[in-house]
Number of protein chains: 2
Amino acid sequence: MKEGPDIARIATLIGDPARANMLTALMCGQALTATELAQTAGVTLATASAHLSKLEEGGLLTQRKQGRHRYFALADHRVASLLEDLAGLAATRGHLRHRPGPKDPALRRARICYDHLAGDFGVRILDSLIERGAILSEDETLTLTTTGRQFVCDMGIDVETIETPRRPLCRACLDWSERRSHLGGSLGKALFDQMLAKGWAKREPESRAIRFTREGTSRFLALFPVQDVDAA
Amino acid sequence: MKEGPDIARIATLIGDPARANMLTALMCGQALTATELAQTAGVTLATASAHLSKLEEGGLLTQRKQGRHRYFALADHRVASLLEDLAGLAATRGHLRHRPGPKDPALRRARICYDHLAGDFGVRILDSLIERGAILSEDETLTLTTTGRQFVCDMGIDVETIETPRRPLCRACLDWSERRSHLGGSLGKALFDQMLAKGWAKREPESRAIRFTREGTSRFLALFPVQDVDAA
DNA sequence: TCGATGCTTCGGTTACGATCGAAGTATGAA
DNA sequence: TTCATACTTCGATCGTAACCGAAGCATCGA
């Protein structure tokens, strides 16, 4: 009778709280073991194992055996994008798990969103790039301008190599903490990778939070100025 | 402990088969009554009513009273986008409810996708616009070029009026039947609206299928030529 | 005023799936 | 070999939520 893709199947996979916690944890972009995921999800290893099988069978996760460990990661960036969109929608509908207050300031300031920067700092990047005319924001669609290509090139990023047909270069990713968009896509990833490489920032272990060094912060603020208040 | 939007809540809402059927039915862009939705979902009115309350409370649906009828529709295009993405992902993961064979040829040829054209015809629009340089396809991000603006303008569509900050002008929407992208966004809607207005095509009642008239088909194929085989 | 239609609420049943402990398998270390 | 770690499978329990029929409201037409 009905024809079409089975959206309920995938939605059900994401819909279980334990599985949603696992997927959210994997948004850090790193592969995690079954034991680690069981802990973050708050269930026993037996339960986690069952969940992970389902997620893998559903095509949301990939598994990599390494010795006696099993590392799980999101299947690809499309899954990550879907989760981001879901989080963005949930935020605008007021579905927050806890108070949206300044619970974890570090997370709200700078955190990883699959493979790029989110939070206050992430939003600032996009705002700044739009202000200087590097990115054209047509509604929710982002385009890197000629000016932007030059700017990015000056930073030592080769646009050609990060431009693939499998992923958008620029992507507006709605931020649940800021309720504004930050920069995703392969450019978002490249910029973040470079900050790590330059030693401006480091990932906090066991968390999605990103810790900027003192110098990293000032360099960051200088590189991405914004018109409004500089109350960073 | 955990902070962030509750993605599980929204995913659970979509994850129930009956609710997923309702949401899919509403992708036709029309508002439907509770009774109609109950039928398409295959449940009694009592059950449907409970589902609809949940969907509304979750912010996915809006309700409009009209006499003794209650019309339900998707809350906004963001919800529609999410459902589209979900369907696209489900399709690439091979989660089809039935054989992906030519079950309903009419649906595969031309059907409505929230408010724009999908299926073989929908894919053709985007392919053709890219070929003639009207749309620049940078990865998965679409931009209307100057050439494109002129072309659309010649068709009698005023780009200024359909350009809103709330919705992208062009959006690549992965097609579950074609496994290729078709054109969504406000331009996709505008083009489709015009085809209906010109009498090229009509919606089938009780279905997402679009029936093109004989003349409408030839006009359509002429307006959107593609290099490859014209085996439409 | 009365009946018909469209929908919601209530109460009770049922089924599915999330969960855990315990036992089983695989890999690595000693 | 033997033990420890990492994970899976099994079997049983339990809670939630989907479901329906019947009764209750609300709105419309006559």
Side-chain angles (χ1 to χ4, degrees), chain A residues 1-2 6-26 30-58 60-73 95 97 206, chain B residues 1-2 6-26 30-73 95 97 205-206:
Chain A
M1 188 172 179
K2 285 286 169 187
D6 195 351
I7 63 172
R9 195 160 146 193
I10 291 203
T12 300
L13 283 174
I14 307 176
D16 178 80
R19 285 194 293 260
N21 281 337
M22 293 177 175
L23 291 169
T24 304
L26 289 170
Q30 293 178 306
L32 299 173
T33 66
T35 308
E36 289 170 325
L37 288 168
Q39 284 175 339
T40 59
V43 291
T44 63
L45 196 52
T47 307
S49 181
H51 283 313
L52 291 168
S53 309
K54 288 179 189 176
L55 287 172
E56 195 189 1
E57 199 190 0
L60 297 183
L61 254 47
T62 53
Q63 192 189 148
R64 197 161 37 93
K65 287 186 69 168
Q66 209 164 91
R68 47 186 165 173
H69 295 272
R70 280 193 187 191
Y71 285 93
F72 292 87
H95 298 323
R97 279 192 296 211
E206 311 285 321
Chain B
M1 186 176 182
K2 285 286 169 186
D6 194 351
I7 64 171
R9 194 159 147 193
I10 290 203
T12 300
L13 283 175
I14 308 177
D16 177 80
R19 285 193 292 261
N21 282 336
M22 292 176 175
L23 292 169
T24 304
L26 289 171
Q30 294 176 305
L32 299 173
T33 66
T35 308
E36 289 170 325
L37 288 168
Q39 284 175 338
T40 59
V43 291
T44 63
L45 196 52
T47 307
S49 182
H51 284 312
L52 290 168
S53 307
K54 289 180 187 173
L55 287 172
E56 195 189 359
E57 198 190 1
L60 299 182
L61 255 46
T62 53
Q63 191 190 149
R64 196 160 40 93
K65 286 185 70 169
Q66 211 163 89
R68 46 186 165 176
H69 295 271
R70 276 188 192 195
Y71 286 93
F72 292 87
H95 297 324
R97 279 194 294 213
E206 311 286 321

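Atom set for the values below is all heavy atoms of this structure, side chains included, hydrogens, waters and symmetry mates excluded. Chain naming here is simple, since letters A, B, ... match the order of the sequence lines and numbering starts at 1 in each.
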Closest contact, heavy atoms only, Ala34(A) versus Phe72(A): CB-CE1, 4.0 Å

Distance-only donor-acceptor hits, side chain of residues 62-69 of chain B, under 3.5 Å, sequence neighbours excluded:
unit_1   : atom_1 : unit_2   : atom_2 : d
Gln63(B) : OE1    : Arg70(B) : NE     : 3.4
Gln63(B) : OE1    : Arg70(B) : NH1    : 3.0
Gln63(B) : NE2    : Glu56(B) : OE1    : 2.7
Gln63(B) : NE2    : Glu56(B) : OE2    : 3.3

Could you list, one pair per line, each protein nitrogen or oxygen that sits under 3.5 Å from a nitrogen or oxygen of nucleotides 6-8 of chain D, together with the distance?
unit_1 : atom_1 : unit_2   : atom_2 : d
dA6(D) : O3'    : Arg68(A) : O      : 3.1
dC7(D) : OP1    : Arg70(A) : N      : 3.0
dC7(D) : OP2    : Thr35(A) : N      : 3.3
dC7(D) : OP2    : Thr35(A) : OG1    : 2.1
dT8(D) : OP2    : Ser49(A) : OG     : 2.5
dT8(D) : O5'    : Ser49(A) : OG     : 3.2

Expressed as a whole number of angstroms, how long is the span from Gln66(A):CD to dT5(D):C1'? 16 Å

Distance (rounded to the nearest 0.5 Å) between Leu23(B) CG and His51(B) NE2: 10.5 Å

Just the rounded figure in Å: distance from P of dT8(C) to CG of Leu55(B). 12 Å

Taking OP1 and OP2 of dT27(D), is either one under 4.0 Å from a side-chain nitrogen or oxygen of Lys65(B)? yes

Could you pull out the protein-nucleic contacts involving nucleotides 13-19 of chain D (nitrogen or oxygen on both sides, under 3.5 Å)?
unit_1  : atom_1 : unit_2   : atom_2 : d
dA18(D) : OP1    : Arg19(B) : NH2    : 3.3
dA18(D) : OP2    : Arg19(B) : NH1    : 3.3
dA18(D) : OP2    : Lys54(B) : NZ     : 2.7
dA18(D) : O5'    : Asp16(B) : OD1    : 3.4
dC19(D) : OP2    : His51(B) : NE2    : 2.5

So CG of Leu60(B) and CG of Leu52(B): to nearest 0.5 Å the spacing works out to 11.5 Å

Is a donor on one side and an acceptor on the other found under 3.5 Å between the side chain of Arg19(A) and the backbone of Thr12(A)? yes

Rounded to the nearest 0.5 Å, how far apart are CG of Leu55(A) and CG of Leu37(A)? 9.5 Å

Is the side chain of Ser49(B) donor-acceptor paired with the backbone N or O of Leu45(B) at a distance under 3.5 Å, no angle test? no

Could you state the interatomic distance from CG (Leu61(A)) to CG (Leu26(A)), rounded to the nearest 0.5 Å? 5.5 Å

